[in-house]
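Beneath this line is the structure, given in structure tokens, with notes to follow.
Computed from heavy atoms alone, side chains included, the values below leave out hydrogens, waters and symmetry copies. Chain naming here is simple, since letters A, B, ... match the order of the sequence lines and numbering starts at 1 in each.
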Amino acid sequence: VVKEKTSGEPLPGVSVVVKGTTKGIQTDFDGNFIINKVSAGNVLVFRYLGFADKEVTLENNFNLIVELTESAEQLEEIVLVGYGTTTVKDATGSVESITAKDFTKGNIVTPENLLSGRVSGVSVTTSGAPGSGSQITIRGGSSIGASNSPLIIIDGLPIENSDASISGSRGLLANINPNDIESFSVLKDASATAIYGSRASNGVIIITTKKGRKDFTLDFDMQYTFGEVLDRVNVFSANDYRSLITAKRPGDVSALGNANTDWQDEVLRSTTSSLYNLTAKGQIFGAIPTRLSIGFANQEGALLTSQFDRKTISLSMNPSLFKDHLKINLNYNRVFEDSRFGDSGQIGAALRYDPTQPVYDASSRFGGFYQHFSNGEIANGTTNPIASLLQRNNTGYAFRQYGNLNFDYKFHFIPDLRAVVNVGFDKITSENSDITSKLAPAQSNALFFGNDAFNTQERGNKLFDTYLNYSKSFNKLNVDLTGGYSYQRFENFGTNSGNRNNPENISTTFADPDVVNLGFFSRLKFKYNEKYLLTLNFRRDGTSRFSSDNQWGNFGGAALAYNISDEDFLKDSKVLSSLKLRASVGLTGQQNIPGVNDLYLDRYRFGNETSRYLFGNSSIKSTIPSVVNPDLKWEETTTIEFGVDYGLFDNKFSGSLSAFQKTSDDLLFDAALADGTNFGNSTIQNIGQLQIKGLEFTLNGDILKSEDYNWNFTFNATYLDRKITELANDQDVRTGGTEGGTGNTIQLLREGYTPNSFYVYKQLYNTAGKPIEGAYADLNGDGVINDDDRYLKENPNADVTLGFQSNFNYKNFDLAFNLRASLGNYVYNNVNSSKAQYELLLDNAVLGNLPTSVLETDFLRTSDVINSDIYIENASYLRMDNVTLGYTFNNPIKKFSYSSIRLWAGVQNVFTLTNYSGLDPEVFDGIDKLIYPRSRNFLMGANIKF
Amino acid sequence: CTKDLNIVPEDDQTVLSDALFENENAYLEVLAGTYANLSLTGVDGPESSNIKGLDAGTSQYGRTLLYLQTLSADQMIWSYENDPGTRELQRNIWTAQNPVILGMFSRAMVTVAFANNFLRETTKEKLDARNVSTATRENIVTYRAEARLLRALSYYNLMDLYGKAPMVVETDPTAGFNPPQADRTELFTFIESELLAIDADLMAPKTNQHGRADKAVAWMILAKMYLNAEVYIGEAKYTECLTECKKIIGGGFSLATNYAHLFMADNNTNSAINEIIFPLISDGLITQNYGPTTVMVNGEIGSLEANGIPLGVGASGWGGALRVRKQFAQLFDGGIFSGDTRNTIISGTRSIDITDISDKDQGYIIEKYSNATSTGTFGSDQTFVDTDFPLFRLADVYLMYAEAHLRGGSGGSNADMETYINALRTRANNPQNNLTAADISLEFILDERARELHWEAHRRQDLIRFGKFTGGNYNWAWKGNGSNGIALPSYMKVYPIPTASLASNPNLTQNTGY
């Protein structure tokens with residue numbers, strides 16, 4: 001019997017191997033194992049995820065009770081790779097595994113945030129909105145025009161790209177309960193990802209959910225969060241504003257009100273949130289280990305009215321039949337998501353709204369809210385942000401079911417051969433109702449019919465994959481062969497009612513062409529003498545996104561690893577406990593271009609009800625040919641990587657150092673077409689090359705390890721340099737839309753530079769060091785300041801990102817914290833650039849407030865300064881994501897021998913150190929358009945186990 | 001399962017080519033799509049666009065034309081200079097990166113591509129293969145002529161604005177082809193030969209459906225080419241211009257009874273239908289776009305006046321987006337213009353000078369375009385106006401006649417010239433409506449064109465023809481980025497080839513000076 005040392009719980013699935021042979025078995029659900037034909041003197045090696053190895057030399061008593069202790073030592077940990085597993089020691093690629101005990105803590109309701117700051121090369125950016133989606137990139141993303149999101153796989157089911165939107169839902173990751181997740185495996189280099197071929201250029205995140213057990217356990221987890229947004233954009237207070245208007249616009253003094261309103265305080269609120277999870281594990285019908293969990297998440301948004309509620313039910317059944325020859329894993333999840341979306345644009349409106357006006361006005365015809373109103377007409381300009389929030393009820397309801405059924409059959413007469421069949425599905429249906437009161441003012445429209453829109457959407461996919469695995473040892477050579485087939489089909493369609501209050505309204509439907517991905521894949525793994533490891537991957541992929549001439553592509557990778565520490569000359573080193581050298585090369589593909597599913601087909605599209613033409617004053621369905629590109633094909637990324645995995649001082653310190661270069665060729669890119677030939681002036685083409693060079697370093701330390709004290713930490717550092725090495729026709733591409741003006745952009749893609757570098761004018765300053773409005777350096781010296789004088793200054797990408805996590809235990813106390821830093825990332829302060837100019841004191845026909853930063857520049861006009869480099873700021877930061885302190889009562893309920901209660905409290909978003917002048921240096925794509933603010937949260941929780 | 005890779009569109013707005021042409025109505029609908037490219041920017045509402053590189057709404061054909069012909073000259077100021085491209089255009093400091101310059105070039109070339117596609121899909125072989133009925137085939141003869149006319153119109157705009165263009169015809173391939181560059185002379189020859197070739201197949205003037213082109217539109221393009229032939233090809237063609245003008249005048253057109261009718265929401269049904277030779281369709285419900293009329297009606301609402309309600313849009317419109325420059329306002333100085341209905345200037349307490357472009361309270365505003373109807377009702381939507389843009393109209397022909405006659409073209413007469421000019425004056429309630437040939441000079445024509453045709457996308461072309469656009473003999477406010485005007489170098493008579501267009505087609509060369 002194998003048991004966990006601290007709790008005495010039996011451990012299922014522990015690998016037991018007779019040392020020096022390939023003979024082995026896994027423990028069953030009671031921790032039992034039987035191993036035949038062993039004799040005294042044989043050494044049994046016990047290995048289990050997250051536990052220290054144990055070697056037991058057999059004596060005469062073959063009825064062993066073996067106790068394993070938890071360990072930070074990771075070398076023997078099982079790591080999930082595509083269509084199979086390996087161990088850290090045998091891994092040839094760049095793979096990082098994070099299990100539940102290492103997850104980032106805090107008020108976390110979406111799974112990707114468990115990874116935040118934890119894995120080198122992985123960046124997760126989430127706004128402060130409740131349940132909001134995240135921008136996830138691994139190694140910066142290898143595309144420009146195509147998706148930069150990694151492939152996310154849950155229990156073998158690849159989910160739709162995480163940036164796919166669903167009307168009425170917070171997003172595809174928002175309806176996965178983090179509590180159901182057992183581990184993440186992050187595949188980064190091409191040799192690891194190539195088995196996923198065309199979908200793997202941006203890395204792969206494999207999520208494993210928790211499974212059932214034989215023994216009955218009950219686990220109840222609850223957490224309360226109290227949040228508050230502490231920072232505000234500095235705008236003029238009501239009294240300062242009165243003085244400002246008196247000084248700058250004396251003619252408008254009469255338009256000032258008598259109130260003193262801090263509109264940011266009005267639209268933001270302190271929040272309470274709660275999470276509950278109840279998990280039961282045990283065996284049903286005496287044979288089916290089962291896990292059932294129910295989760296409730298309830299989050300209030302810091303912006304008035306915004307709310308996120310989620311109920312999840314997760315069922316996992318994991319029976320084994322025919323003496324473990326057939327293992328069945330069933331996962332089934334049902335998620336119910338309810339949201340109310342607060343319009344985050346009102347945060348910007350709160351900056352602008354006249355602070356001398358009240359929130360409410362009893363005499364108002366707009367439902368009791370103050371509104372600017374003159375000459376019997378609603379005046380143009382910002383409307384009362386509180387009214388805009390309270391008079392609008394934008395709600396979403398989403399129901400998602402997903403799951404898979406996995407059969408893993410070990411052949412009866414050829415036990416080295418396994419067949420795996422996996423079928424899965426994912427379907428989300430959603431509704432979005434957006435109702436605005438008829439009392440709400442409608443801008444530049446005298447008809448007050450409010451809004452009543454109702455949208456529905458259904459997204460889904462079906463998966464079938466199957467593979468054979470053959471694993472056998474021949475003397476010193478271990479061979480592991482895998483070959484299989486995968487099929488997945490995606491669908492997306494929906495309806496949009498339009499404004500049902502509007503008599504002119506027309507409802508519409510939409511449907512994307514289905515996306516079908518097929519693949520034939522194989523992997524060969526060789527291990528020689530436990531020291532030399534070779535992995536070869538090959539995948540042939542087909543996609544419906546390209547024409548039949550281009551729809552198939554070949555991808556693959558090769559990796560070599562050498563456990564040099566097993567050599568005699570290092571074996572006895574006191575310093576070096578393990579050392580592995582690895583090198584890999586691989587080719588992966590990219591076909592995921594958001595919204596582009598049938599570009600190769602000769603299509604026509606006729607105008608919707610508002611886009612028709614009139615012949616003879618009657619409507620005609622005007623029809624135009626769509627842009628077509630029959631030559632579209634895969635974008636291909638070649639990755640070369642060299643790495644060292646090390647362990648020092650008996651693995652007290654361990655980690656890895658990797659250097660890689662990714663080159664993406666045939667970039668899928670929206671580039672100009674020769675005018676007049678096609679049916680548009682640009683389309684997605686395979687043009688350009690992007691190169692990413694990077695270094696990743698991790699260090700895990702077990703500083704203290706004793707009966708009473710434990711202290712370990714993990715540290716990771718990533719250096720990334722992304723550069724466009726080739727662009728369509730050497731041509732610059734403008735990107736990075738900004739606020740202030742119609743169609744303004746601030747970023748540029750240019751050959752030889754980092755993508756999305758800021759494209760700005762060089763500000764001139766007077767002798768006192770004050771910027772001169774609209775005065776820029778004439779960089780090309782032609783005497784005219786125009787677009788040709790803009791230059792590239794900095795970029796939004798961090799040069800270096802760092803993560804640090806510490807876990808400390810003293811007896812029953814535990815203390816953990818997380819730090820995360822980003823260095824060399826720049827931000828365009830679009831809040832100041834579009835709002836901090838005196839001309840905006842007049843907000844169309846009414847008065848408007850400004851950020852006080854205008855006092856530093858004294859700028860008058862937005863159009864003179866909006867593209868000045870003065871708004872490009874270094875936004876490097878150091879952030880403490882969370883700190884938690886807990887205390888565990890062991891065995892408080894004597895009746896249940898494994899019972900424990902852990903009480904804990906913590907702070908999330910503890911502090912941020914930065915020189916950035918805006919609200920938060922961590923913004924999306926380097927443009928600060930005032931993100932949904934992140935609250936500082938105070939948390940407390942309890943975890944009760946029976 | 002590999003057959004599953006062959007997918008089909010599932011959206012009910014999208015149809016594959018083969019399926020589309022199974023229905024014979026498709027031919028008219030695809031022709032309508034080519035026309036619609038003059039009004040719409042995309043198929044999914046006013047914020048959608050089939051060209052990229054600039055704001056979707058701004059990429060509308062008539063709007064880019066208005067910006068390049070009017071905003072860049074002496075009649076108009078756009079207040080929101082943070083809208084990309086506008087600042088550089090109205091201050092004459094544009095570069096090849098300008099998004100509006102890209103917008104016009106690409107929009108016109110997409111019309112060429114749509115027209116070529118229509119011609120490819122209506123060849124005899126294709127129609128035979130699809131067993132198209134005789135009745136439809138007869139109609140298709142006219143449709144094809146109209147498609148060629150729209151292609152010629154695009155090339156005319158490109159010849160005028162850029163002086164060159166990639167030459168693509170229906171026999172060229174759609175993908176992997178870099179069209180050769182045609183210079184101004186080649187374009188001139190091509191457009192002229194096309195318009196002459198299709199004359200027989202086009203409908204007689206005023207006999208086609210409203211919104212579709214007839215012979216008069218072809219004659220109008222020819223007349224304009226001939227009037228400007230000295231600029232384009234260094235050759236005077238005023239006689240030819242007069243010939244075309246006379247054909248149009250003889251085509252049954254007559255002036256709208258009221259000048260204001262031409263710019264109202266019902267200008268597709270009121271007396272303007274007798275005068276407008278070719279409109280760009282706008283409809284607040286069916287043909288929604290951020291085109292020139294929507295921009296001008298919303299934009300002309302004053303920041304101080306908030307005069308939008310009687311014009312059929314929101315009270316404040318777009319908060320004073322548009323104003324006029326001093327030199328234009330001065331054309332209406334003097335008592336004879338006080339009752340002139342073409343003078344819609346509101347001066348109020350405003351200064352005539354604009355010293356600060358972003359100060360929407362400076363400079364006069366005008367109320368030329370309206371979303372109200374001639375019968376006192378309003379257009380169907382409060383943002384997207386029902387007002388068609390009068391791309392070509394008879395008053396322009398009258399003024400072209402006079403100018404070609406004064407410039408020495410033969411075939412015209414002083415008497416006719418006097419009749420035409422006085423007809424415009426009379427309609428405008430101008431007391432000075434009895435002018436004789438002695439009163440009518442070329443200078444007078446230029447000013448009268450401004451009074452009659454301001455904000456109708458003609459001004460830059462007129463100033464160039466009169467030698468006043470570049471150089472320093474006429475410096476209007478903000479010309480060359482000086483509030484009192486600075487001379488422009490002569491290369492600015494044509495716009496640069498947009499950077500993106502130049503990069504995507506190695507056969508194109510940049511215009512001298514850029």
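Shown here for B:Ile286 and A:Ser619, the closest heavy-atom pair between the two residues is CG2-OG, 3.8 Å. Scanning all heavy atoms of the two residues, the minimum distance from B:Ser106 to A:Asn681 falls at OG-ND2, 3.0 Å. Closest heavy-atom contact between A:Thr677 and B:Phe177: CG2-O, 3.2 Å. Listed here is the closest heavy atom pair of B:Ala113 and A:Asn678: CB-O, 3.2 Å. Looking at every heavy atom in both residues, A:Gly616 comes nearest to B:Gln209 through N-CB, 3.7 Å. Here the closest heavy-atom approach between residue B:Leu5 and residue A:Val516 is recorded as CD2-O, 3.5 Å.
The choice from A:Glu491, A:Arg603, A:Arg489, A:Arg612 that makes the most heavy-atom pairs within less than 4.5 Å of chain B is A:Arg612. For the set A:Asp514, A:Thr683, A:Ile866, the entry with the most heavy-atom pairs within less than 4.5 Å of chain B is A:Asp514. Comparing A:Val784, A:Ile506, A:Thr509 by heavy-atom pairs within less than 4.5 Å of chain B, the highest count is held by A:Thr509.
Heavy atoms closer than 4.5 Å to chain A are found nowhere in B:Leu502, neither backbone nor side chain. Contact of B:Ser154 with chain A is not made at all, since no heavy-atom distance falls under 4.5 Å. In this structure, chain A has a heavy atom under 4.5 Å from the side chain of B:Glu88, while its backbone stays farther away. For A:Thr543, the part sitting under 4.5 Å from any heavy atom of chain B is the backbone (N, CA, C, O) and nothing else. When heavy atoms are compared at a cutoff of 4.5 Å, A:Ile785 approaches chain B solely by way of its backbone atoms N, CA, C and O. For A:Arg545, no part lies under 4.5 angstrom from a heavy atom of chain B. If you measure heavy-atom distances from A:Leu673 to chain B, the contacts under 4.5 Å come from the backbone alone. B:Ile51 touches chain A through backbone and side chain together, each having a heavy atom under 4.5 Å away. For B:Pro166, the part lying under 4.5 angstrom from a heavy atom of chain A is the side chain only.
Expressed to the nearest 0.5 Å, how far OG1 of B:Thr111 lies from CZ of A:Phe679 amounts to 12.0 Å. Note that the NZ atom of B:Lys52 and the CG atom of A:Asp670 stand 3.5 Å from one another [nearest 0.5 Å]. B:Gln13 contributes atom CD, which lies 10.0 Å from atom NZ of A:Lys621 (distance to the nearest 0.5 angstrom). Atom CG of A:Asn608 is separated from atom CG of B:Asp11 by 10.0 Å, given to the nearest 0.5 angstrom. Remark: B:Leu31 CG to A:Phe615 CZ distance equals 5.0 Å, nearest 0.5 Å. To the nearest 0.5 Å, atom CG of residue B:Leu20 and atom CG of residue A:Asp602 are 11.0 Å apart.
When only modelled atom types and interatomic distance are considered, B:Asp283 and A:Tyr613 share no side-chain donor-acceptor pair under 3.5 Å. Between the side chains of B:Tyr514 and A:Asp788, no donor-acceptor pair is found at a separation under 3.5 Å. Residues B:Gln97 and A:Arg734 bring a donor and an acceptor atom of their side chains to less than 3.5 Å of each other. Side chains of A:Arg605 and B:Thr14: a donor on one and an acceptor on the other come within 3.5 Å. Looking at A:Asp732 and B:Thr499, their side chains never bring a donor and an acceptor atom within 3.5 Å of each other. Checked by atom type, the side-chain pair A:Asn786/B:Thr95 shows no donor-acceptor distance below 3.5 Å.
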Can you check side-chain contact (heavy atoms from CB on, under 4.5 Å) on A:Ser863 and B:Tyr80, steps first, answer last?
-> CA-CA 7 Å; A:Ser863 59; B:Tyr80 301 109; over 6 Å; no
List the steps, then state whether salt bridge (Lys or Arg N to Asp or Glu O under 4.0 Å) holds for B:Asp359 with A:Arg861.
-> CA-CA 9 Å; B:Asp359 184 347; A:Arg861 277 172 282 279; over 6 Å; no
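For B:Glu47, the side-chain contact (heavy atoms from CB on, under 4.5 Å) partners are B:Tyr290, not counting sequence neighbours. Legend: residues meeting salt bridge (Lys or Arg N to Asp or Glu O under 4.0 Å) with A:Asp252, ordered by chain and number and at least two apart, are A:Arg249.
No salt bridge links B:Arg87 with A:Asp787; every basic N to acidic carboxylate O contact stays at or beyond 4.0 Å.
In this structure, the side chain of A:Asn744 engages the main chain of B:Asn82 through a donor-acceptor pair within 3.5 Å. Put simply, the side chain of B:Ser504 never gets that close to the backbone of A:Ala672: no donor and acceptor are under 3.5 Å apart.
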